[in-house]
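The model shown is predicted, which means the values in this text are computed figures rather than measured ones. Labels below follow one simple rule: chain letters A, B, ... track the order of the sequence lines, proteins then strands, and each chain is numbered from 1.
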Protein chains: 2
Amino acid sequence: MPVNKSSTASGPTTLNHAMQILQITARGGYRGASIDDYLNALSFSRPTLYRLLKGLKQQGFLRSSPVRGRYLLGYELLVLGAQAGNGAGLRDLARPRLLALAQRWGDSFYLFARDGVNAVCLEVQNGAYPVGSFVRATGGRLPLGVGQASIALLAYLGTDERGEILSHNAERLMDEYAIAIADIEAEISHQLKHGYARGVEGSLLPEYSGLAIPILDHSGHPLGAMSCSMLKSRMTEDHKREVLQGMREEVAAMVNQAHGLLYLD
Amino acid sequence: MPVNKSSTASGPTTLNHAMQILQITARGGYRGASIDDYLNALSFSRPTLYRLLKGLKQQGFLRSSPVRGRYLLGYELLVLGAQAGNGAGLRDLARPRLLALAQRWGDSFYLFARDGVNAVCLEVQNGAYPVGSFVRATGGRLPLGVGQASIALLAYLGTDERGEILSHNAERLMDEYAIAIADIEAEISHQLKHGYARGVEGSLLPEYSGLAIPILDHSGHPLGAMSCSMLKSRMTEDHKREVLQGMREEVAAMVNQAHGLLYLD
DNA sequence: GGCTATGTCTCATTTAGTGAGATGAAGTCA
DNA sequence: TGACTTCATCTCACTAAATGAGACATAGCC
């Protein structure tokens, strides 16, 4: 199967080839990809494949698996990824705060940012209580609309932009998550009215519930969202109020710290 | 200044150019890089630079900063990086165990893997007690020789390979960390004799101490190392014994789980 | 020791990326 | 508002540099 039929792939072909290789490798998970995986999915010749594999290995973007003939993603990606997740310095600011929240309340707390039509998880801190979540770890990506953090992010975008995103995601939201656009819009209203998001109930994870609040810059644009997730049975009114309060305090402190850093040259 | 004079950069030039761009961007931290940063450090023309920037942006490897004319690392790197850190599935196996250890003992626990002449941090779980560490987060990299996890990794490599790594790192270890090769070798002996590593005391972080144990596959090769870090004052004999025991149990369980997964096709 | 699949090499071909400079677009500051 | 600076794109000729075909080498495996 082709790698990503929707990618319009205009740049230098070598670059596209290289990225396709990385995507195919990533798709193999911890087992990586084999030569045949590449050759089946790619449109260029074997020597070229090997040339690119070699180049990517030298750059640290790939490494060879202990199993001969298989390739894994290289640790350079991990290093760059760690940097990438720290957009606007948000992650560094959030990490200790998520930890504090998780330790205090025992629930699991998340930092999300917008990534095009998706929400991407920049940081997770699990608490002592067991939890189910759409993302298992840093780097997890969800279509905007799924999960409470999505709502918090969507709510503070321009109406037109939000509309584009939602119509782009509509089919996927319905098919994969059984979430309707109208319900998302209702929750966005709730977010705007009450200052926090609850997420739309879809077909997945029915026994879990969550909360999210946006992280806004001085001009009201969303830098990210902090969210939490817990078993529904834990979400009493009292607990909800307490956790929300805790999250609000941490986010307020973060934004304070951030204003000293952001947008400065 | 040039990006990386030591990298022999042989593959397709476009690929190298692209990777240089990513490295320069990463070097800018959360502020990213500006056009001039690129043009000063690179050897190709401005149109080419823009072409590559465009291509990298389309692939999600870069995104433009809210500040016009600056570029940040893209979230695709975060996603791939998360995958890359899960080599052999180790990270997924380790995460809940690190969390359990951190919650139980309050210290900070780490998962490391070897990355050439470096050790790379695949996962961190901080505990309730404050801690100083060489790596602040996932993706942190240290020259092998620094930190207790390094010792645990080095100890189970072949003698010749270990020698190459150490002589490669020797200068840096001395200059940046005030660590001598002889001391590292002494700690390696300790690791081999007692089954755990303590790390070599260098010039940095004198008030912290740590422990590490290797994660070995069936043939005795190191897949990674689990380590912990704590204030020296917390490292009583009792606490040390308990924590070591806890780590050993978790690692044993991990390896058990892993053997079902590793090297299978 | 043969077998299969991985990885490398050579070389002619020409695609496809490149540079120089001009042009357009987007902010910025007076 | 309008001049100015810097970012970003475009055009086009050029040739460097990536490519493909197929032969060759190497490693693991039975």
Side-chain angles (χ1 to χ4, degrees), chain A residues 7-22 24-25 28 31-59 61-72 74 158 161 217-219 221 262-265, chain B residues 8-22 24-25 28 31-59 61-72 74 158 217-219 221 262-265:
Chain A
S7 84
T8 327
S10 80
T13 55
T14 305
L15 189 58
N16 292 310
H17 290 340
M19 298 314 166
Q20 283 177 46
I21 289 179
L22 293 180
I24 292 168
T25 313
R31 287 158 49 185
S34 73
I35 294 297
D36 283 331
D37 291 338
Y38 296 121
L39 287 176
N40 290 335
L42 297 174
S43 53
F44 46 91
S45 66
R46 207 169 65 200
T48 301
L49 170 61
Y50 278 106
R51 277 186 282 251
L52 287 175
L53 289 175
K54 205 175 182 181
L56 288 167
K57 248 167 59 175
Q58 275 187 9
Q59 304 282 353
F61 281 61
L62 287 180
R63 59 200 160 105
S64 26
S65 156
V67 179
R68 188 177 139 88
R70 296 193 76 85
Y71 294 80
L72 299 169
E161 194 173 12
D217 69 9
H218 49 3
S219 66
H221 281 273
L262 293 175
Y263 305 125
L264 293 184
D265 204 13
Chain B
T8 326
S10 80
T13 54
T14 305
L15 189 58
N16 292 310
H17 290 341
M19 297 315 165
Q20 284 177 43
I21 289 179
L22 292 181
I24 293 168
T25 313
R31 285 157 52 186
S34 72
I35 294 296
D36 283 332
D37 291 338
Y38 296 121
L39 287 176
N40 291 334
L42 297 174
S43 53
F44 47 90
S45 66
R46 206 169 64 201
T48 300
L49 170 61
Y50 277 107
R51 275 187 283 252
L52 287 175
L53 289 176
K54 205 175 182 181
L56 288 167
K57 248 166 60 173
Q58 275 188 10
Q59 304 282 353
F61 281 62
L62 286 179
R63 61 200 159 105
S64 25
S65 156
V67 179
R68 187 177 139 86
R70 296 193 77 86
Y71 293 81
L72 300 169
D217 69 10
H218 49 3
S219 66
H221 281 273
L262 294 175
Y263 305 125
L264 294 183
D265 204 10

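Nearest to the side chain of A:Thr14, among D:dA18, D:dT9, C:dT6, sits D:dA18. The side chain of A:Lys54 has C:dT8 as its nearest neighbour among D:dA8, D:dT19, C:dT8. Counting only heavy atoms from C-beta on, B:Ile35 has its side chain closest to D:dA8 among C:dC9, C:dG17, D:dA8. With D:dA18, C:dG19, C:dT6 as the choices, the nucleotide that has an atom nearest any side-chain atom of A:Tyr50 turns out to be C:dT6.
Where B:Asp36 and A:Phe44 meet DNA chain D, the nucleotide closest to each residue was compared, and B:Asp36 sits on the side nearer the 5' end.
Note on B:Thr48: only backbone sugar-phosphate atoms sit closer than 4.0 angstrom, heavy atoms only; bases stay farther off. Residue contacts for B:Tyr71: at a heavy-atom cut-off of 4.0 Å it reaches the sugar-phosphate backbone alone, with no base atom in range.
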Quiz item: Under the side chain to side chain contact (heavy atoms under 4.5 Å, CB included) criterion, do B:Leu53 and B:Ile35 qualify, and how do the steps go?
Solution: CA-CA 10 Å; B:Leu53 289 176; B:Ile35 294 296; 4.1 Å; yes
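Residues passing the ring pair (Phe, Tyr, Trp, His ring centres under 6.0 Å) test with A:Phe44 are A:His17, sequence neighbours excluded. Partners of A:Leu56 according to the side chain to side chain contact (heavy atoms under 4.5 Å, CB included) rule, which considers only residues two or more places apart in sequence or in another chain, are A:Ala18, A:Ile21, A:Leu22, A:Phe61, A:Leu62, B:Leu15, B:Met19. Residues satisfying the side-chain hydrogen bond (donor to acceptor under 3.5 Å, both in side chains) test with A:Ser45, not counting sequence neighbours, are A:Thr48. Residues passing the side chain to side chain contact (heavy atoms under 4.5 Å, CB included) test with B:Arg46 are B:Leu39, B:Tyr50, sequence neighbours excluded.
Atom P of nucleotide D:dT9 and atom CG of B:Leu53 are separated by 9 Å, given to the nearest angstrom. Separating the CG atom of A:Leu52 from the P atom of C:dA16 is a distance of 14 Å, rounded to the nearest angstrom. Atom-to-atom, CG of A:Asp37 to P of C:dT6 comes out at 10 Å; the value is rounded to the nearest Å. A:Leu62 places its CG atom 12 Å from the P atom of C:dG7, with the value rounded to the nearest Å. For the pair A:Lys57 NZ and C:dG7 P, the computed distance is 7 Å after rounding to whole Å. Following rounding to the nearest Å, B:Leu49 (CG) and D:dC10 (C1') show an atom-to-atom distance of 16 Å. Atom CG in A:Asn40 sits about 13 Å away from atom P in C:dA5, given to the nearest Å. If you measure from atom CG of B:Leu56 to atom P of C:dG17, you get 13 Å, rounded to the nearest angstrom.
Of all non-hydrogen atoms in B:Thr14 and A:Pro12, the two that sit nearest each other are CG2-CB, 3.8 Å.
In this model, the phosphate group of C:dG17 is approached by a side-chain N or O of A:Thr13 to a distance below 4.0 Å at OP1 or OP2.
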Quiz item: Which letter, B, S or -, goes with each nucleotide of nucleotides 21-30 of chain C from 5' to 3', with contact meaning a protein heavy atom under 4.0 Å?
Solution: B----B----
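One side chain, B:Thr25 or B:Tyr38, offers a donor N or O that lies under 3.5 Å from an acceptor on the other.
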